[in-house]
Structures are given as structure tokens and as C-alpha cells.
Amino acid sequence: MKYQVRKASGGKRIVSFQCPACSSEIESPLEDAGQAFDCPSCAHKFVTPGLPEMQQWRNEQIEAEAKRTEEQRAREARAAEMNRVKAETAAQQRAAAAKAAAEPPSYSDITDGAKLLRFLAASSTPSPSSLCLGASCWPG
Ligand SMILES: [Zn+2]
């Protein structure tokens with residue numbers, strides 16, 4: 001039996017052929033290939049053609065699905081890697097901040113009284129017992 005397979009909308013495939021008994025033009029979904037068919041004109045029973053095309057189409061769908069799954073997996077792997085790098089960077093920033101908080105400031109950091117107090121508290125430098133300005137000293 002001669003037949004043709006064409007693409008239809010929605011990713012469907014249509015197989016078109018002629019009834020072997022009355023030569024009526026018949027169209028059938030490709031997924032019905034290999035199944036018994038009654039001619040709507042003469043009720044002649046035959047098997048819908050297009051089985052090799054249907055199997056090839058099924059294989060194409062399976063391959064396309066496998067490709068989609070693989071692409072999805074690759075996207076997820078990229079997202080996981082990005083999250084990992086982000087978490088690593090955040091951990092490094094936290095560690096740097098913790099280290100900076102733990103270390104006493106150096107002289108060059110001392111820009112206000114609070115830092116001076118922290119420096120004096122953290123360093124072994126003894127607090128000045130007197131403050132001298134020129135010749136006059138306090139507490140004298
Ligand atoms: Zn027929």
C-alpha cells in the first residue's frame with residue numbers, strides 16, 4: 001500500500017493513503033499505524049500503514065526527551081555550582097570579617113576614641129599615667 005506521512009500541527013504526524021479496495025483517500029494519525037482500520041467508504045478491513053515511520057517518530061521523541069532531560073540536568077548542575085561559589089564567597093567574607101573583628105586595630109586604624117579604647121584594651125602598651133603638653137603635665 002502506498003502512503004505518505006506528513007507533519008501536522010501540535011507535533012502530530014498524519015499518514016495519508018488510499019483504501020486498497022475502493023481507493024478512497026484516507027487520513028489517520030500516525031500513532032494508529034499497524035492497527036486494524038475499517039474503510040469509512042466501503043468498510044474494507046486493512047491495517048493502517050506507516051509502522052516504520054511511527055517507530056522512527058517514537059525514537060525521535062525518546063531522543064528529544066533524553067536531550068531535554070540532559071539539558072535540564074546541565075542547567076541544574078550550573079545552578080548548583082553558582083550556589084556553591086556564592087556560599088563559598090559568603091563564607092570567606094564572614095571569615096574575613098570575623099578575623100578583622102578579632103584582631104586589635106593598629107595605630108593607623110585609630111581614628112576615634114572607641115578604636116583607641118579597643119587598641120589600649122587589646123595591646124600590651126600600658127595606658128599613659130600622665131599626659132604632658134609641653135612643660136605642663138597632668139595630673140601634675
Ligand atoms: Zn474503501
Side-chain angles (χ1 to χ4, degrees):
M1 191 192 301
K2 276 183 73 177
Y3 62 93
Q4 278 190 326
V5 176
R6 63 178 169 85
K7 293 181 181 182
S9 61
K12 296 263 179 208
R13 293 289 200 289
I14 300 291
V15 56
S16 53
F17 49 93
Q18 287 188 335
C19 171
C22 70
S23 296
S24 292
E25 296 286 342
I26 300 168
E27 288 197 331
S28 171
L30 185 58
E31 51 262 43
D32 289 345
Q35 291 181 19
F37 192 92
D38 294 343
C39 173
S41 298
C42 70
H44 179 76
K45 288 184 193 298
F46 56 94
V47 171
T48 308
L51 205 51
E53 285 82 358
M54 185 186 74
Q55 279 163 350
Q56 193 192 341
W57 182 43
R58 287 252 164 92
N59 286 340
E60 284 169 13
Q61 286 177 315
I62 289 166
E63 277 170 30
E65 178 59 30
K67 203 176 160 202
R68 268 198 299 277
T69 306
E70 197 178 302
E71 281 170 359
Q72 175 70 18
R73 217 177 282 146
R75 264 197 303 277
E76 283 170 3
R78 275 198 300 276
E81 174 64 12
M82 267 170 67
N83 282 338
R84 195 188 63 75
V85 169
K86 226 189 276 177
E88 210 170 72
T89 306
Q92 280 170 359
Q93 283 170 348
R94 271 198 305 277
K99 197 180 167 208
E103 277 177 357
S106 65
Y107 259 123
S108 61
D109 287 335
I110 297 172
T111 53
D112 58 45
K115 279 188 180 168
L116 175 62
L117 289 176
R118 265 181 66 210
F119 173 77
L120 292 175
S123 72
S124 55
T125 309
S127 298
S129 54
S130 61
L131 184 65
C132 295
L133 284 172
S136 51
C137 285
W138 185 87

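For ligands, and for the atoms within them, numbers begin at 1 and follow the listed sequence.
The closest side-chain heavy-atom distance from Lys7 to Arg13 is below 4.5 Å.
Under a 4.0 Å N-O distance rule, the pair Arg58/Glu31 does not qualify as a salt bridge. Note on Glu76 versus Arg73: no salt bridge recorded, every NZ/NE/NH1/NH2 to OD/OE distance being 4.0 Å or above.
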Output side-chain donor-acceptor pairs under 3.5 Å for residues 80-88, partner residues at least two apart or in another chain, one line each.
{"from": "Glu81", "atom 1": "OE1", "to": "Arg84", "atom 2": "NE", "distance (Å)": "3.2"}
{"from": "Glu81", "atom 1": "OE2", "to": "Arg84", "atom 2": "NH2", "distance (Å)": "3.1"}
{"from": "Arg84", "atom 1": "NH1", "to": "Glu88", "atom 2": "OE2", "distance (Å)": "2.9"}

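At distances below 3.5 Å, at least one donor-acceptor pair connects side-chain atoms of Thr48 with backbone N or O atoms of Gln35.
Ring geometry for Phe37 against Phe17 counts as perpendicular: the plane angle is over 60°, on a 0 to 90° scale with 30° as the lower cut.
Around the Zn ion (ligand 1), the protein contributes the following N, O or S atoms at distances under 2.8 Å: Cys19 SG, Cys22 SG, Cys39 SG, Cys42 SG.
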